[in-house]
Colleague: 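Take this structure, written in structure tokens, and hold onto it; I'll ask about it next.
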Amino acid sequence: MSQQIVTRFAPSPTGYLHIGGARTALFNWLYARGRGGKFLLRIEDTDRERSTPEATAAILQGLRWLGLDWDGEAVSQFARKDRHAEVAHQMLTRGTAYKCFSTPEEIAAFRADQEAKGASYAVFQSPWRDADPATHPDAPYAIRMKAPRTGETVIEDAVQGRVTFRNDQLDDMIVLRSDGTPTYMLAVVVDDHDMGVTHVIRGDDHLNNAARQTMVYQAMGWKIPVWAHIPLIHGPDGKKLSKRHGATAVGDYQAQGYPAAGMRNYLTRLGWAHGDAELFNSAQAMEMFDLSGIGRSPARLDFKKLESTCGWHIARGEDAALLQEVEGYLAAAGRPALTGAQRDLLSRAMYCVKDRAKTFPELLEKAHFALISRPIVADEAAAKALDTVSRGILSELTPRLRNASWTKEALEPILNEMAAAHGIGFGKLAAPLRTALAGRTATPSVFDMMLVIGRDETILRLEDAAA
RNA sequence: GGCCCGUUCGUCUAUCGGUUAGGACACCAGGUUUUCAACCUGGGAAGAGGGGUUCGACUCCCCUACGGGCUGCCA
């Protein structure tokens with residue numbers, strides 16, 4: 001009898017949504033959504049010093065942009081602190097935890113001492129572990145997990161395989177601080193249990209933690225979830241991702257004009273594979289995604305491949321959706337919004353620009369001709385195509401266009417005849433036309449441009465150029 | 001220092017003891033073309049090093065090197 005799958009993404013709101021975190025969220029989302037399960041969101045804000053509402057907002061915003069929708073309301077871990085404390089005290093009653101009166105100073109001194117002795121240092125062993133309650137001072141205390149000192153704790157990880165930890169390497173971690181607040185190690189377990197999380201898919205920086213958390217599950221007699229620790233993402237140089245690699249926040253990617261669908265596809269393939277599948281939409285990804293396809297070594301970010309993947313998605317995007325995403329990009333990048341007329345023109349131009357752009361700035365550049373208004377200012381290279389001879393040809397062409405029917409089929413012979421009449425190839429005619437219509441040398445086909453801006457505008461631009 | 005994880009073309013990866021080690025991006029060369037792209041064809045390009053196990057290892061084991069993670073009253 002299989003239960004419903006429940007996954008979660010549990011970021012700590014201490015900064016923007018990191019690209020690595022976004023991938024973790026994506027994997028959880030794909031796994032749950034592909035199996036009719038639930039994908040939950042929990043904000044791990046128990047660190048009151050570093051957590052900010054701005055960071056929480058940025059994380060939600062990043063997830064929304066990527067289209068990773070979660071079920072129900074985002075849970076604040078901090079809001080559940082009473083429940084965490086309750087569990088800590090249950091552990092006390094069960095004898096799987098104990099009150100520790102060692103002060104942070106004493107612990108720091110212990111560590112300093114160990115370090116001074118050089119070489120390897122032992123895990124901190126609290127003197128209060130087996131103390132008689134009668135000897136307990138009337139002082140603040142932390143609650144520590146009474147972890148087994150011998151034997152091993154085994155993690156069955158869906159990605160890493162079976163990983164064994166010696167218990168004497170693990171200390172009695174604090175589950176409830178002396179100020180009564182829970183630590184991460186306790187909070188995650190309690191929340192994951194209470195929220196019914198069945199699969200914990202997270203960065204492998206938590207692999208060691210899984211052993212300690214397993215002890216908490218065992219201490220409480222709770223069912224241990226399926227672990228899946230995925231390798232972190234590295235920068236193009238193979239080093240840990242950091243600011244100097246450029247974009248690390250997902251917001252940066254939106255501001256650089258990458259489409260969300262392309263990001264999802266690229267990020268899915270980063271560290272995960274399903275045979276030769278490279279390009280796919282989210283529905284297909286959900287179909288294929290599984291934990292066994294996740295690799296065990298860290299993957300590097302490759303912006304060229306990201307771009308290529310994004311180009312594929314833009315080319316296949318639906319015009320209206322692309323237009324909407326372009327507007328989101330403009331806002332994120334702090335660029336001026338489209339006017340109503342530009343929206344309209346861009347929408348009409350979409351068919352001939354979307355299959356040649358990898359990002360939205362590129363798409364906008366290709367659509368430049370549709371977004372500008374007269375007089376068209378030619379850039380240096382384009383201006384060269386407009387000499388006396390070509391101006392003459394343009395002015396000769398204008399009247400022919402007035403009565404032509406405005407389709408590529410009708411326009412093509414007119415332009416071809418014009419070129420033939422002057423003994424030049426079509427390319428020689430297209431160049432000045434391009435300058436007149438767009439002021440650029442790199443544009444969509446001249447026919448497409450004429451079709452998009454329409455007869456009147458075409459004629460006006462040609463007249464301007466011929467003048 | 002200790003513990004844990006990893007290492008196939010430049011990059012992402014397939015392979016789950018027997019393959020001419022496959023695909024994708026990137027790169028190079030052609031083609032197509034009205035420009036830029038897109039697109040099509042072809043090409044070069046890989047099992048970190050050393051020991052084992054085996055009839056046979058990229059695949060299994062050990063060692064080394066390198067990379068990463070954890071080692072907090074952070075998450």
Colleague: Counting the atoms with a prime plus P, OP1 and OP2 as sugar-phosphate, which does A/E44 contact under 4.0 Å by heavy atoms, base, sugar-phosphate, or nothing?
Modeller: sugar-phosphate
Colleague: With a 3.5 Å limit on both atom pairs, tell me what B/U35 is paired to, counting Watson-Crick and G-U wobble, or say none.
Modeller: none
Colleague: Assign A/D171 to base, sugar-phosphate, or nothing according to its heavy-atom contacts below 4.0 angstrom with the strands shown.
Modeller: nothing
Colleague: Between A/R296 and B/U8, is there a contact of a side-chain N or O with OP1 or OP2 at under 4.0 Å?
Modeller: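 Indeed not, no polar side-chain atom of A/R296 lies that close.
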Colleague: Classify the side-chain pair A/D191/A/H84 by whether it contains a donor and acceptor separated by less than 3.5 Å.
Modeller: yes
Colleague: When we call it a touch if two heavy atoms are under 4.0 Å apart, what does A/A431 touch: a base, just sugar-phosphate, or nothing?
Modeller: nothing
Colleague: Under 3.5 Å, is there an N or O donor on one side and an acceptor on the other linking the side chain of A/E278 and the base of B/G23?
Modeller: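 Such a pair exists between side chain and base.
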Colleague: Is A/V163 touching bases, backbone alone, or none of the nucleic acid, heavy atoms closer than 4.0 Å?
Modeller: sugar-phosphate
Colleague: Assign A/F447 to base, sugar-phosphate, or nothing according to its heavy-atom contacts below 4.0 angstrom with the strands shown.
Modeller: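 Base contact.
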Colleague: Could you tell me whether A/R50 contacts a base, only the sugar-phosphate backbone, or nothing, with contacts defined as non-hydrogen atoms closer than 4.0 Å?
Modeller: base
Colleague: Tell me whether the OP1 or OP2 atom of B/A38 has a side-chain N or O from A/K358 closer than 4.0 Å.
Modeller: yes
Colleague: Return the minimal non-hydrogen interatomic distance between A/A382 and A/T435, and the atom names on each side.
Modeller: O-OG1, 2.8 Å
Colleague: Does A/P231 reach a base, just sugar-phosphate, or nothing at all? Heavy atoms under 4.0 Å.
Modeller: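 Answer is nothing: A/P231 stays at 4.0 Å or more from every strand.
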Colleague: Is A/T164 touching bases, backbone alone, or none of the nucleic acid, heavy atoms closer than 4.0 Å?
Modeller: sugar-phosphate
Colleague: Across all strands, who's sitting opposite B/C3 as a Watson-Crick or G-U wobble pair, both distances under 3.5 Å?
Modeller: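 Result: B/G69.
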Colleague: Measuring only the C1' atom in each nucleotide, how far is B/A24 from B/U71? A whole number of Å is fine.
Modeller: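 So the two C1' atoms sit 39 Å from each other.
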Colleague: Under 4.0 Å, heavy atoms only, any strand: does A/R434 hit a base, just the sugar-phosphate, or nothing?
Modeller: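 Counting heavy atoms under 4.0 Å across all strands, the contact made by A/R434 includes a base.
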Colleague: Have A/T150 and A/N167 got a donor and an acceptor in their side chains that come within less than 3.5 Å?
Modeller: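 Result is no, nothing qualifies.
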Colleague: Using a heavy-atom cut-off of under 4.0 Å over every strand shown, decide if A/I174 touches base, sugar-phosphate, or nothing.
Modeller: base
Colleague: Give A/S297 one of three labels, base, sugar-phosphate or nothing, depending on what nucleic acid heavy atoms sit under 4.0 Å from its own.
Modeller: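 Touches sugar-phosphate only.
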Colleague: Would you mind reading off the distance between A/Q160 atom CD and B/G68 atom P, rounded to a whole angstrom?
Modeller: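 My rounded result for the distance is 16 Å.
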Colleague: I'd like the C1' distance from B/G44 over to B/U53, given in whole Å.
Modeller: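 It comes out at 36 Å once rounded to the nearest Å.
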Colleague: For B/C58, give the paired nucleotide (Watson-Crick: N1-N3 plus N6-O4 or O6-N4; G-U: N1-O2 and O6-N3; both under 3.5 Å), or none.
Modeller: none
Colleague: Going by modelled atom types, is there a donor-acceptor pair between the base of B/A26 and the side chain of A/K305 at under 3.5 Å?
Modeller: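 Between B/A26 and A/K305, which were checked side chain against base, a qualifying N/O pair under 3.5 Å is absent.
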Colleague: With a 4.0 Å cut-off on heavy atoms, is A/S308 in touch with a base, just the backbone sugar-phosphate, or nothing at all?
Modeller: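 Result for A/S308 = sugar-phosphate.
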Colleague: Looking across every strand, which nucleic acid part, if any, lies under 4.0 Å from A/H234 by heavy atom: base, sugar-phosphate, or nothing?
Modeller: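 Sugar-phosphate contact only.
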Colleague: Just to be sure I understand the rule, does A/T46 reach a base, reach only the sugar-phosphate, or reach nothing, if contact means heavy atoms closer than 4.0 Å?
Modeller: sugar-phosphate
Colleague: How about A/S390 and A/D387: does a side-chain donor come under 3.5 Å of a side-chain acceptor?
Modeller: yes
